[in-house]
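Let me give you the structure first, and then I'll get to my questions.
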Amino acid sequence: EYFISQPDLETCKQYLVEADTTSPIGRVGAKEYTKFISLWTNGRINEERYNQLPFSLVMRFQFNTEYGGDGRLYIPLNGVTDENNAYLTQICSGIKHDIGRILPP
């Protein structure tokens with residue numbers, strides 16, 4: 001697990017919600033994840049299609065979704081529990097780490 005600051009975690013949550021535009025709400029699909037990455041990188045990683053994203057970000061999505069199920073990233077934003085917060089911290093810190101390796105600061 002990688003470190004993420006509280007402001008970065010809140011930004012991650014905000015962009016996940018913003019990118020989550022199709023039903024079911026609270027579950028981010030591949031197309032929405034692609035939009036989320038674009039939002040979080042201010043368009044510096046702005047691909048049209050999920051499979052055009054850098055490999056590490058594709059793997060991060062697949063590893064953290066129920067890919068054998070509906071292939072969506074669960075976003076537990078209702079009823080914040082310690083477990084949900086730990087889950088989102090793990091997801092967001094991993095994605096932030098991958099973005100940091102792809103894009104220079």
Side-chain angles (χ1 to χ4, degrees):
E1 190 169 313
Y2 304 100
F3 172 78
I4 188 167
S5 68
Q6 194 61 38
D8 283 344
L9 179 59
E10 293 306 316
T11 299
C12 177
K13 292 178 190 178
Q14 174 189 331
Y15 288 149
L16 283 167
V17 169
E18 193 174 329
D20 186 16
T21 57
T22 60
S23 189
I25 298 301
R27 298 189 73 77
V28 172
K31 187 172 184 176
E32 294 167 319
Y33 178 74
T34 304
K35 174 68 174 168
F36 160 74
I37 295 298
S38 177
L39 288 168
W40 207 7
T41 62
N42 293 317
R44 291 171 69 198
I45 300 175
N46 188 22
E47 301 301 339
E48 292 287 319
R49 296 198 319 267
Y50 164 75
N51 63 2
Q52 294 173 327
L53 287 172
F55 182 73
S56 61
L57 292 172
V58 170
M59 290 290 87
R60 181 76 56 187
F61 178 79
Q62 290 185 6
F63 180 75
N64 287 297
T65 61
E66 299 168 12
Y67 212 71
D70 67 358
R72 293 178 182 270
L73 193 61
Y74 172 56
I75 310 301
L77 297 174
N78 295 335
V80 177
T81 65
D82 287 345
E83 186 179 343
N84 286 350
N85 207 33
Y87 169 80
L88 279 172
T89 299
Q90 179 184 353
I91 297 288
C92 292
S93 65
I95 293 169
K96 184 176 187 308
H97 171 79
D98 290 344
I99 288 171
R101 292 180 64 197
I102 295 163
L103 297 175

Fill in: Which atom of Gly94 lies closest to which atom of Tyr2, heavy atoms considered
CA-CD1, 3.9 Å

Worksheet item: Is there a side-chain contact (heavy atoms from CB on, under 4.5 Å) between Val17 and Ile25 once you walk through the steps?
Response: CA-CA 9 Å; Val17 169; Ile25 298 301; over 6 Å; no

Practice prompt. Identify whether the distance between the nearest side-chain nitrogen and carboxylate oxygen of Lys96 and Asp8 falls below 4.0 Å.
Written response: yes

Worksheet item: Taking side chain as C-beta onward, heavy atoms only, is Pro24 less than 4.5 Å from Arg72?
Response: yes

Fill in: Nearest heavy-atom neighbours spanning Arg27 and Asp20
O-OD1, 3.4 Å

Discussion item. Do the side chains of Lys13 and Glu10 get close enough for a salt bridge, i.e. N-O under 4.0 angstrom?
Written reply: yes

Discussion item. Just checking Asn51: does its CG atom have more than 12 heavy atoms from other residues, nucleotides or ligands closer to it than 6.0 angstrom?
Written reply: yes

Discussion item. Go through it in stages, so that I can follow the logic: the residues are Leu88 and Leu16, the test is side-chain contact (heavy atoms from CB on, under 4.5 Å), and I'd like the CA-CA distance, side-chain angles, deciding distance and then a yes or no.
Written reply: CA-CA 10 Å; Leu88 279 172; Leu16 283 167; 4.2 Å; yes

Worksheet entry | Shortest non-hydrogen contact between Tyr87 and Asn64, atoms and distance | OH-O, 3.7 Å

Worksheet item: How many angstroms lie between CD in Gln6 and OG1 in Thr89, if you round to the nearest 0.5 Å?
Response: 7.0 Å

Response to the item:
When rounded to the nearest 0.5 Å, the distance separating CG of Leu9 from CZ of Phe3 is 10.0 Å

Worksheet item: Between Thr22 and Glu32, is any side-chain donor less than 3.5 angstrom from a side-chain acceptor?
Response: yes

Worksheet item: Hey, what do you get for CG (Asn85) to CD (Gln90), rounding to the nearest 0.5 Å?
Response: 12.0 Å

Worksheet item: Can the ring centres of Tyr33 and Phe61 be said to be less than 6.0 Å apart?
Response: yes

Worksheet item: How far apart are the closest heavy atoms of Ile4 and Trp40, and which atoms are they?
Response: CD1-CH2, 4.2 Å

Worksheet item: Measuring from Tyr50:OH to Leu57:CG, what's the distance to the nearest 0.5 Å?
Response: 9.5 Å

Worksheet item: What's the verdict on side-chain contact (heavy atoms from CB on, under 4.5 Å) for Ile45 and Thr34, showing C-alpha distance, side-chain angles and the deciding distance?
Response: CA-CA 9 Å; Ile45 300 175; Thr34 304; over 6 Å; no

Discussion item. How long is the straight-line distance from CG of Asn46 back to NZ of Lys35, given to the nearest 0.5 Å?
Written reply: 7.5 Å

Item to complete: Grab the two heavy atoms, one from Ser56 and one from Asp98, that are nearest each other, plus how far apart they are.
Response: O-OD2, 3.4 Å

Worksheet entry | Leu53 side, atom CG; Phe36 side, atom CZ - distance, nearest 0.5 Å | 11.0 Å

